[in-house]
Amino acid sequence: MKRPLAPPSSAIAALAGLLACMLLAGPASAARTYEKESESEFRQQLAAGQIREATINKHIRSVRLVLRDGSHKLARYPPKQEQRVASQLKARHVKVTLLTPEQAKAKAAKKPVHHKLRYIVGGIGIAVIVIVGGMLLYNRRRLRD
């Protein structure tokens, strides 16, 4: 008489561990994204008092803004105008941060993150699933005979 096959507990434990690893590696914390806007939109927000804080990067002539509603914007200004922009922001009581030349160059040189680790974990996970599935199939066929 044949008894029903139960999957080995080690296979179940391996699958549970794999699932936990994939969930932990799943959604990587996304980098903050700044929505680009024109200089006229920047002036309108400044006039309306919507800007809470600003970070000026003189190296790439940009201003990263945090608005009162929590959204993040990126505005560009013309060459050699950072003093004018900073004084306009300070006149509206906006917290202004000027990046040092080292920080500005580091921000400009940042490359986009390619989530290589996520792909490695996914590949290992698929390989483990295939191996465990093959092992279970092999054991099931062997016990039938």
Side-chain angles (χ1 to χ4, degrees), residues 4-143:
L5 256 174
S9 59
S10 61
I12 293 174
L15 285 174
L18 175 66
L19 181 63
C21 287
M22 289 178 77
L23 288 176
L24 290 175
S29 59
R32 180 171 293 141
T33 57
Y34 287 85
E35 193 177 313
K36 292 183 180 180
E37 66 179 13
S38 67
E39 191 176 354
S40 62
E41 290 173 319
F42 164 68
R43 282 194 221 118
Q44 288 173 352
Q45 290 168 346
L46 184 63
Q50 295 176 347
I51 302 172
R52 183 174 56 203
E53 55 186 80
T55 304
I56 298 176
N57 186 339
K58 295 194 303 188
H59 186 71
I60 57 174
R61 296 188 318 261
S62 69
V63 183
R64 292 186 183 270
L65 306 168
V66 178
L67 302 181
R68 300 234 183 258
D69 64 0
S71 61
H72 298 273
K73 305 284 183 174
L74 176 69
R76 298 212 176 262
Y77 58 86
K80 300 183 182 185
Q81 295 293 316
E82 70 273 345
Q83 291 296 327
R84 178 186 60 86
V85 171
S87 63
Q88 287 175 343
L89 288 165
K90 288 178 183 175
R92 289 293 190 160
H93 307 290
V94 174
K95 179 184 170 191
V96 178
T97 306
L98 287 170
L99 295 179
T100 64
E102 295 82 24
Q103 291 173 327
K105 287 178 184 174
K107 293 257 185 197
K110 254 189 185 174
K111 293 182 180 177
V113 177
H114 297 285
H115 300 284
K116 188 188 296 186
L117 184 60
R118 182 183 295 174
Y119 297 128
I120 292 170
V121 169
I124 291 172
I126 290 172
V128 168
I129 290 172
V130 168
I131 290 170
V132 169
M135 218 172 61
L136 291 173
L137 185 64
Y138 175 75
N139 285 339
R140 174 179 269 174
R141 286 184 180 173
R142 195 179 75 184
L143 289 175

Val63: which of Ile56, Leu74, Ile51, Leu46 passes side-chain contact (heavy atoms from CB on, under 4.5 Å) = Ile56

Taken in chain and number order and not counting sequence neighbours, the residues that satisfy side-chain contact (heavy atoms from CB on, under 4.5 Å) with Ser71 are Leu67, Asp69, Lys73

Arg84: partners by side-chain contact (heavy atoms from CB on, under 4.5 Å), with sequence neighbours left out | Glu39, Pro78, Gln81, Gln88

Could you tell me the separation between the OH atom of Tyr138 and the CG atom of Leu143, rounded to the nearest 0.5 Å?
-> 10.0 Å

Could you tell me whether the side chain of His59 reaches within less than 4.5 Å of the side chain of Pro101, counting heavy atoms only?
-> no

What distance do Arg68 atom CZ and Glu53 atom CD have between them, rounded to the nearest 0.5 Å?
-> 9.5 Å

With sequence neighbours excluded, tell me which residues meet side chain to side chain donor-acceptor pair (under 3.5 Å) with Glu82.
-> none

Taking all heavy atoms of Leu65 and all of Gln45, pick out the closest pair and write down the distance.
-> CD1-OE1, 4.0 Å

With sequence neighbours excluded, tell me which residues meet ring pair (Phe, Tyr, Trp, His ring centres under 6.0 Å) with Tyr34.
-> His72

For Thr100, which residues count as a side-chain contact (heavy atoms from CB on, under 4.5 Å) partner, sequence neighbours excluded?
-> Glu102, Gln103

Do you know the tightest heavy-atom contact between Asn57 and Tyr77?
-> O-OH, 3.7 Å

Do any side-chain atoms of residues 90-99 form donor-acceptor pairs under 3.5 angstrom with protein atoms, and if so which ones, sequence neighbours left out?
unit_1: Arg92; atom_1: NH2; unit_2: Ala47; atom_2: O; d: 3.4

